[in-house]
Amino acid sequence: MKLKFIGLDYDYFNLEGQDYVKITGRSSERKSVCLVDKVDNFFYVLSKKPEKILAKIWKVKDVKKAEILEKSYLGKKIKVIRIYCDYSKTKDVGDKIKRVDKNLETRERDIGLITRYITEKGLKPLVWYEIEGELITGNDFGGAGNLDFDLCLSLKESKELDEKEFNPKVLAFDIEVENLEIGKGEILMISLVSDNFKKVLTWKKCDRRQEYVECFKDEEEILEKFGEYVNKIDPDIITGYFSDGFDFPYLRARAEENGINLKLGREKSRILFSRGRPLNAKIKGLVHVDLLKFIETVYSQYLQSETLGLNDVSKELLGEGKLEVDHEIKADDRSEKQWKDYFEYNLQDSILTYKLFHKLWPDMLEFTRIVQEPLFIINRFSMTGLVENYFIHNLNRFNEIAEKRPLYEEIGKRRMRGKYEGAFVLQPKPALYENLAIFDFTSMYASIIVSFNLSHPTFLEKKEKDSQEVELEKGKKVYFSKKKGFIPSLLEEIIVLRKKYKKELREKPDAIKKARSNAFKLLANAAYGYNGFFGARYYCLEAAASTAALARKFIKQAINKTEKQGYKVIYADTDGFAFLLNKKTKKETKDFLKILNSHLPGIMELELEDFYKRGLWVTKRTGEFGAKKKYALITEDGKLKIRGFETVRRDWCYLAREVQNTILNDILKDGNQEKALKFTKAVIKKIKKREVDKRDLIIRTQLKKPLSEYKSEGPHVAIARKMQEKEIPVDIGMLISYFVGESKKKRALVRERALLPEEKGEYDIEYYLNHQILPAVENIFEVFGVNVKEIIKGSEQKKLF
DNA sequence: GGATAGCTGTTACC
DNA sequence: ACCGGTAACAGCTATCC
């Protein structure tokens with residue numbers, strides 16, 4: 001029979017010596033479909049004389065087939081032996097072959113069977129196909145026909161379709177518990193949200209409840225009901241926020257405690273966990289998406305949120321946040337009203353998760369289609385994982401066999417290697433400037449990698465004739481082949497595609513085009529980091545160091561040319577520089593940009609970032625030099641661009657950031673400091689009169705490692721310890737909040753004065769004046785010759801007399 | 001013993 | 001399991017008077 005099909009989840013099995021992939025997905029009529037397709041597992045053996053050992057390899061146990069092929073490895077043509085065997089025997093067969101001759105090496109034993117299936121022209125995830133298959137019934141294919149799908153087919157033919165749209169059915173869920181430690185308390189309630197569906201399942205005080213609350217006898221019943229609802233709703237995707245690390249582990253622990261066997265989805269799967277850390281929770285035949293994971297790797301760079309918690313992220317992306325509820329009250333002490341609030345709170349979390357999913361879906365969909373790994377995997381990949389798998393899924397076009405993943409020992413060696421010189425940063429001269437422009441290189445590092453062919457396979461151990469030479473530092477040169485490598489080729493393609501989709505997006509915007517353009521941009525940006533990453537298959541520190549060295553060379557060159565043209569360059573960092581127009585017109589400046597571009601090699605390109613009305617650079621707090629990576633600009637239509645200032649740092653109190661932001665605004669808009677100074681004086685007065693709200697004085701710092709590993713006990717570490725004593729859970733990654741209070745002790749350390757936000761105590765006037773407000777404004781006023789320190793001191797003396 | 005300079009550890013940003 | 005550069009804090013330590 002024929003139908004339109006889209007694949008969501010992949011699994012595999014072996015039957016009578018043949019490997020199969022089982023794809024679960026949907027038909028265009030939304031029928032649930034399971035599809036079985038053959039896959040032949042193989043790997044490669046590298047040998048100097050493949051013909052000589054071929055016969056011996058045929059004799060190794062469990063080898064199904066061995067053939068000699070012309071392939072390419074690290075860009076060089078070679079003859080290799082391709083070995084076919086059952087997937088489960090891959091390791092074993094490889095080890096036995098190595099015993100035939102100790103000089104033999106294997107490759108692609110570390111390619112998973114599903115990846116293999118997809119690269120060898122199997123069905124790609126989240127792509128529509130017209131398929132033709134044979135109905136599987138009963139016990140065929142090990143009982144696949146007995147699974148709870150509308151249709152189970154064995155695949156005969158498939159044709160990729162052009163159709164792009166796919167709206168999956170999604171179920172979002174969230175649990176509430178009393179004890180946050182996994183499995184250590186009871187699950188009080190579970191909320192579920194899907195299309196036109198809202199439920200809170202609970203077994204706590206619900207005699208007078210909201211209509212969406214369903215009441216049960218005990219925890220066991222809500223767990224069972226949860227399973228029933230998942231199966232009744234029959235979603236394509238089940239999603240949560242940090243559900244890999246919290247909700248699913250908790251659900252499984254409590255199910256075990258209650259002696260029930262949760263069977264989820266059409267395959268009646270248990271909740272399965274990966275070995276090691278971080279945990280990930282898988283349900284066969286039902287894709288579990290943990291939104292936090294995707295946000296961490298792909299989305300966080302676009303977010304302003306100070307944490308990646310559900311509340312902050314929802315507020316920014318959806319414009320609504322979590323509800324408030326007091327978690328401290330023990331379950332038995334909650335009033336009826338408090339329970340109703342708690343149900344509402346629990347439901348809201350699932351509503352937010354459900355909405356966030358749809359906001360992020362175009363991005364997850366496009367990354368899945370571009371990188372071609374299943375959604376479950378894409379959701380959990382790091383940025384380098386996405387880059388590397390994009391390469392792997394495109395190797396066949398270059399007839400390449402994959403380099404091996406580095407093992408523990410090799411990773412150790414790589415980590416021992418020293419650092420290399422990074423970007424160039426020009427020291428600015430502190431001042432308020434007028435009429436500026438910024439030029440920057442588009443995807444500078446990626447365009448250098450492409451233009452100079454920098455990668456592991458193109459790297460040459462020593463100089464060869466007609467090779468590309470790069471000087472890393474004085475007298476230290478490295479060489480790369482000029483024959484275009486597959487990594488620079490793929491990267492060039494990524495850059496070209498990004499441009500194409502960006503243009504299409506401008507012409508006719510939609511969420512899918514935006515996501516696609518964005519995905520290619522992110523892949524291009526991550527390629528440089530990939531080269532220098534110790535875990536990469538195609539690790540090449542020389543390529544990374546060369547990229548940085550060439551970037552330094554070209555930005556310096558551009559700066560020199562710009563100065564020669566009569567402009568004054570004020571500042572530069574890595575891939576862009578700011579300069580004064582010096583009475584030249586915008587038109588002249590744009591024309592000059594064209595000249596600069598005509599002399600750049602390869603696909604390198606400079607672009608005009610913007611023109612600015614004013615820009616402010618300040619001194620460092622130590623010394624009279626201009627501070628790097630710290631500046632504020634305003635465009636002609638009043639848009640602010642603030643970099644590096646305390647304003648953008650979350651480990652400063654809100655008041656200091658607010659004051660700084662206000663005065664930067666005033667100064668850039670008016671071009672003078674009068675208004676800003678008046679405002680600052682008013683704030684100083686307010687602090688001294690203790691009129692400032694304590695909430696505006698809270699400082700938040702992230703805990704980056706376990707408490708025991710800190711050598712130096714900063715204020716946030718001291719507070720974290722205090723929290724632990726009070727049995728407030730403290731974990732790595734948490735933002736620790738505190739304020740600085742007064743102390744009777746003279747010269748007390750900050751950590752001795754630090755107090756929890758809810759602790760009683762007056763704030764320390766001296767600390768907030770001299771350690772928060774002063775550092776935030778001092779350098780800015782210094783540009784105008786105003787000494788804020790004197791102002792603070794002066795008003796202190798006035799008070800004394 | 002207290003003050004202070006300079007170094008180290010730490011966080012956050014470009 | 002992404003790179004290096006930079007600012008700036010608080011804590012820590014050597015050194016001086």
Side-chain angles (χ1 to χ4, degrees), chain A residues 276-278 296-297 300-301 304 306 380-388 405-406 408 411-412 414-415 417-428 440 445 449 522-523 525-536 539-541 543-549 551-552 571-576 618-623 625-631 641-653 656-657 699-705 709-718 733 735-736 738 740 746-754 767 770-772 774-776 778-779:
Chain A
R277 284 196 171 248
E296 277 173 344
T297 44
S300 57
Q301 50 199 309
Q304 304 288 308
E306 292 187 3
R380 288 156 182 83
F381 263 147
S382 62
M383 214 53 223
T384 47
L386 291 169
V387 171
E388 186 154 280
R405 209 184 281 140
Y408 186 75
I411 288 180
R414 291 177 183 183
R415 295 182 84 157
R417 290 185 69 175
K419 294 196 172 223
Y420 58 87
E421 193 181 340
F424 168 71
V425 187
L426 180 79
Q427 188 131 44
D440 59 13
Y445 281 28
I449 293 171
L522 289 177
L523 286 175
N525 287 346
Y528 159 72
Y530 175 85
N531 280 332
F533 169 50
F534 52 75
Y539 168 81
C540 184
L541 205 65
S546 300
T547 310
R552 291 194 299 272
Y571 180 63
D573 186 352
T574 314
D575 59 353
V618 300
T619 54
K620 285 209 289 187
R621 277 182 61 70
T622 49
F625 298 116
K628 296 171 174 180
K629 297 187 188 281
K630 239 182 158 180
Y631 57 90
K641 180 176 168 149
I642 299 177
R643 290 291 118 95
F645 275 109
E646 287 76 1
T647 299
V648 299
R649 291 181 62 109
R650 67 174 178 202
D651 57 347
W652 282 72
C653 76
R657 296 163 67 183
I699 296 163
R700 304 203 288 168
T701 316
Q702 196 182 26
L703 206 64
K704 300 281 260 190
K705 51 188 174 188
E709 282 177 26
Y710 279 95
K711 288 179 201 165
S712 156
E713 185 164 328
H716 73 297
V717 180
L735 269 192
I736 305 293
Y738 62 92
V740 178
K746 231 182 134 195
R747 306 193 67 81
L749 291 170
V750 179
R751 68 159 178 254
E752 293 166 327
R753 288 179 279 168
Y767 176 83
N770 292 316
H771 294 269
Q772 289 281 322
L774 182 66
E778 191 178 25
N779 314 349

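These figures come from a predicted structure and were not determined experimentally. Numbers restart at 1 for each chain; the letters A, B, ... are given by sequence-line order, proteins then strands.
A 4.5 Å side-chain heavy-atom check between A/R657 and A/R650 finds at least one atom pair inside the cut-off. A heavy-atom distance below 4.5 Å is found between the side chains of A/I449 and A/N531.
Among the heavy atoms of the strands lying under 4.0 Å from A/Y420 are primed sugar atoms or P, OP1, OP2 only; no base atom is included. A/G529 comes within contact range of at least one nucleobase, with a heavy-atom separation under 4.0 Å. Within 4.0 Å (heavy atoms only), A/A544 reaches no atom of the nucleic acid at all. Within 4.0 Å of A/F381, counting heavy atoms only, lies no atom of the nucleic acid at all.
By the 4.0 Å N-to-carboxylate-O rule, A/K629 lies close enough to A/D573 to be salt-bridged with it. Of the charged side-chain nitrogens involved, at least one lies within less than 4.0 Å of a carboxylate oxygen, so that A/E421 and A/R552 count as a salt-bridged pair.
Other residues, nucleotides and ligands contribute over 12 non-hydrogen atoms within 6.0 Å of the NZ atom of A/K705.
For DNA chain C, the outermost nucleotides in 5' to 3' order that have an atom under 4.0 Å from a heavy atom of chain A are C/dA1 to C/dC12.
Between A/H771 and A/T384, it is A/T384 whose nearest contact on DNA chain C lies nearer the 5' terminus.
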Does the protein touch nucleotides 5-14 of chain B at the base, only the backbone, or not at all? Give it as B, S and - per nucleotide, heavy atoms under 4.0 Å. ----SSBBSB
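Of all non-hydrogen atoms in A/T297 and A/F381, the two that sit nearest each other are CG2-O, 3.3 Å. Here the closest heavy-atom approach between residue A/K630 and residue A/N779 is recorded as NZ-ND2, 4.3 Å.
For an aromatic pair to be called close, the ring centres must be under 6.0 Å apart, and A/Y571 with A/Y631 satisfies this.
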